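Got a structure for you, questions after.
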Amino acid sequence: MSISIEAAEWIRRFHPAPAAPARLVCFPHAGGSASYFHPVSAALAPSVEVLAVQYPGRQDRYAEPPVDDLFVLADQLVEVLAPELTGPVAFFGHSMGASLAFEVARRLEERGTRLLALFVSGRRAPSAFRDERVHEKDDDELLAEVKRLSGTDSRVLEDDEILRMVLPALRSDYKAAELYRYRPGPDVGCPVVALIGDRDPKVTEAEARQWAERTSGEFELRTYPGGHFYLNDHAAAVIRLIGERLAR
């Protein structure tokens, strides 16, 4: 599968496998980057080729302004991904990435692309509303929230130079995630698998189960011990689950 110049700005293929029978597009969490999914790519290659999304405003796209509207981000990604996804594909998104993956999936299905599966991790269903305003807080309060969720290495949070680099993208992502509101319309027809940590302050089991209402296909909920970033401790189990699903 070839990647266009435009798609190359958005997509990272750490272990290219053009002959893979299936592909997995991964959408990072708020403040996250494509490199978070490097271990996933290594574990699944070459049977599954992982395409990790790189949002503007971080790492090698640091000079670009971040996008603080999830619908705008979804529209941009659809235009990038639609010409590239010519074979079997599944999506995986964590936290903000789960909402984004859902919005991209519903747009692609309207164009005729049906996913093998949509894996939504650490995120309540789009219709499970919470009025959150972390993006409006000052830098110290925003960073305190990130530390509370344990999503960023504490050594990074103690480095002032790195902090100045990541804060704009982090705040922008929080704004996109917190101001996102579900818009009624066609949902998805693919199977949806929700994955959560049993001590995640950002999503309850009841909120995760509402993902079942967003698909006309099968729904499954998997719960793991841990908080918002349960993935860090259960990566092997989650990767195994994804691999088994795509092998079907």
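Computed from a predicted structure; not experimentally measured.
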Cluster check V48, Y36: I/L/V/M/F/W/Y, side chain < 4.5 angstrom: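 Yes, V48 and Y36 fall within the same hydrophobic cluster.
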
May I ask you to check whether D200 and Y224 show a side-chain donor-acceptor distance below 3.5 Å?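 Y224 and D200 do not have a side-chain donor-acceptor pair below 3.5 Å.
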
Would you please say whether a donor-acceptor pair under 3.5 Å links the side chains of S172 and Y55?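 No, Y55 and S172 have no side-chain donor paired with an acceptor closer than 3.5 Å.
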
Would you mind checking if R248 and E244 are paired as a salt bridge, meaning a charged N to carboxylate O distance below 4.0 Å?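 Answer for the salt bridge query: no.
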
Please examine the side chains of W10 and L77, heavy atoms only from C-beta on, and report whether any two atoms are closer than 4.5 Å.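 A side-chain contact exists here, since the closest heavy-atom pair is under 4.5 Å.
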
4.5 Å side-chain heavy-atom contact, H15 and H38: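 Yes, side chains in contact.
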
Could you tell me whether R171 and E145 have a side-chain N and a carboxylate O separated by less than 4.0 Å?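 Not counted as a salt bridge, because no side-chain N and carboxylate O are separated by less than 4.0 Å.
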
Which heavy atom in A208 sits nearest to a heavy atom in I196, and how many Å separate them?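 So the two residues come closest at CB-CG2, 3.8 Å.
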
Indicate yes or no for a side-chain donor-acceptor contact from D68 to the backbone of A176 under 3.5 Å, with no hydrogens or angles considered.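 Not at all, since once roles are kept as given, no pair shorter than 3.5 Å links the two residues.
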
Can you give me the closest heavy-atom contact between P28 and A34, atom names plus distance?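 Taking P28 first and A34 second, the nearest heavy atoms are CG-N, 4.1 Å.
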
H228 vs S95, test: side chain to side chain contact (heavy atoms under 4.5 Å, CB included). Steps then yes/no. CA-CA 8 Å; H228 190 58; S95 195; 3.0 Å; yes

With the threshold set at 4.0 Å, does a side-chain nitrogen-carboxylate oxygen contact exist between K175 and D69?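 D69 and K175: not salt-bridged.
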
Identified side chain to side chain donor-acceptor pair (under 3.5 Å) partner of S33 from the options Q59, R61, R58: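 Looking at Q59, R61, R58, the match for S33 under the side chain to side chain donor-acceptor pair (under 3.5 Å) is Q59.
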
Backbone N/O of G189 and side chain of E109: donor-acceptor pair under 3.5 Å: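 Between the backbone of G189 and the side chain of E109 there is a qualifying donor-acceptor contact (under 3.5 Å).
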
Drop me the distance from L118's CG to R214's CZ, to the nearest 0.5 angstrom.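 Reported value, rounded in 0.5 Å steps: 12.5 Å.
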
Considering all heavy atoms of both residues, which atom of R23 and which atom of A17 are nearest to each other, and what is their separation?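 Heavy atoms of R23 and A17 come nearest at NH2-O, 3.7 Å.
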
Whether R130 and E207 form a salt bridge (side-chain N of Lys/Arg under 4.0 Å from carboxylate O of Asp/Glu) is what I want to check.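 The answer is yes: the pair qualifies as a salt bridge.
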
With the side chain counted from C-beta on, respond yes when V166 and Y62 share a heavy-atom pair under 4.5 Å apart, and no when they do not.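 In short, these two side chains do not touch, never coming nearer than 4.5 Å.
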
Decide yes or no on side-chain hydrogen bond (donor to acceptor under 3.5 Å, both in side chains) for Y230 and S121, but give the supporting numbers first. CA-CA 10 Å; Y230 73 91; S121 170; 2.6 Å; yes

Just how far is it from atom CG of L195 to atom CG of L241, taken to the nearest 0.5 Å?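 L195 CG to L241 CG: 6.0 Å, rounded to 0.5 Å.
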
With a 4.5 Å heavy-atom cut-off, do Y174 and L179 have their side chains touching?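 No; the side chains remain at least 4.5 Å from each other.
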
F37 and L44, any side-chain heavy atoms less than 4.5 Å apart: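 In short, these two side chains do not touch, never coming nearer than 4.5 Å.
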
Going hydrophobic residue to hydrophobic residue with side-chain gaps under 4.5 angstrom, can you get from V72 over to F102?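 In one cluster: yes.
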
Quick check: is F91 connected to F14 through a chain of hydrophobic side chains (ILVMFWY, heavy atoms under 4.5 Å apart)?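 Cluster IDs for F14 and F91 differ.
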
Audit row: L115, V188, side chain to side chain contact (heavy atoms under 4.5 Å, CB included) steps and yes/no: CA-CA 9 Å; L115 303 186; V188 296; over 6 Å; no

Ion pair R133/E178, N-O distance below 4.0 Å: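 Salt bridge: no.
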
Heavy-atom check, side chain of V104 versus side chain of F27, under 4.5 Å: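 Yes; the side chains approach each other to less than 4.5 Å.
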
Tell me if the aromatic rings of H94 and F119 count as close, with their centers under 6.0 Å from one another.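 They do not qualify: ring centres at least 6.0 Å apart.
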
Using a 3.5 Å distance criterion without hydrogens, assess whether the side chain of T215 forms a donor-acceptor pair with backbone atoms of G217.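 Yes.
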
Examine Y180 together with F71 and report whether their ring centres are nearer than 6.0 Å.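 Yes; F71 has its ring centre under 6.0 Å from that of Y180.
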
Is a side-chain donor-acceptor pair under 3.5 Å present for S99 with R123?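 Their side chains do contain a donor-acceptor pair, which is all the 3.5 Å distance test asks for.
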
Closest heavy-atom pair and its distance - P46, A20: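 Reported closest heavy-atom pair: O-CB, 3.4 Å.
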
Treating D198 as the side-chain partner and G226 as the backbone partner, does any N or O pair qualify as donor plus acceptor under 3.5 Å?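 Side chain of D198 to backbone of G226, a donor-acceptor pair under 3.5 Å: yes, one is there.
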
In Å, rounded to the nearest 0.5 Å, how long is the span from CE of M96 to CG of D173?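 Rounded to the nearest 0.5 Å, the CE-CG separation comes out at 4.0 Å.
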
Of all the heavy-atom pairs spanning A117 and C190, show the shortest one and how long it is.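 Between these two residues, the closest heavy atoms are C-SG, 4.4 Å.
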
In sequence, state the C-alpha distance, the side-chain angles, and the governing distance for L51 and L85, and then conclude on side chain to side chain contact (heavy atoms under 4.5 Å, CB included). CA-CA 10 Å; L51 309 182; L85 302 181; 4.3 Å; yes

Taking R107 for its side chain and E103 for its backbone only, find out whether a donor-acceptor pair lies under 3.5 Å.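 A pair under 3.5 Å: yes.
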
Nearest atoms (heavy-atom pairs only) where L170 meets G31: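 Where L170 meets G31 most closely, the heavy atoms are CD1-CA, 3.6 Å.
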
Side chains of L108 and E110 in contact at under 4.5 Å (non-hydrogen atoms):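 Contact flag for L108/E110 side chains = no.
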
Step-by-step side chain to side chain contact (heavy atoms under 4.5 Å, CB included) determination, C26 to V50: CA-CA 7 Å; C26 294; V50 171; 3.9 Å; yes

So E218 and V192, do their side chains get closer than 4.5 Å, heavy atoms only?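 Side-chain contact under 4.5 Å: no.
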
Atom pair CZ (R111) and CG (L81), whose distance is rounded to the nearest 0.5 Å: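 Output value for this atom pair is 10.0 Å.
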
With R124 as reference, evaluate E132, E205, E213 under the salt bridge (charged side-chain N to carboxylate O under 4.0 Å, His left out) test and give the passing residue.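 Exactly one pass, corresponding to E132.
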
Distance (rounded to the nearest 0.5 Å) between R222 CZ and H234 NE2: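 If we round to the nearest 0.5 Å, R222:CZ and H234:NE2 are 13.0 Å apart.
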
Between R12 and D60, is there a side-chain N and carboxylate O pair less than 4.0 Å apart?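 Looking at R12 and D60, the cut-off is met.
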
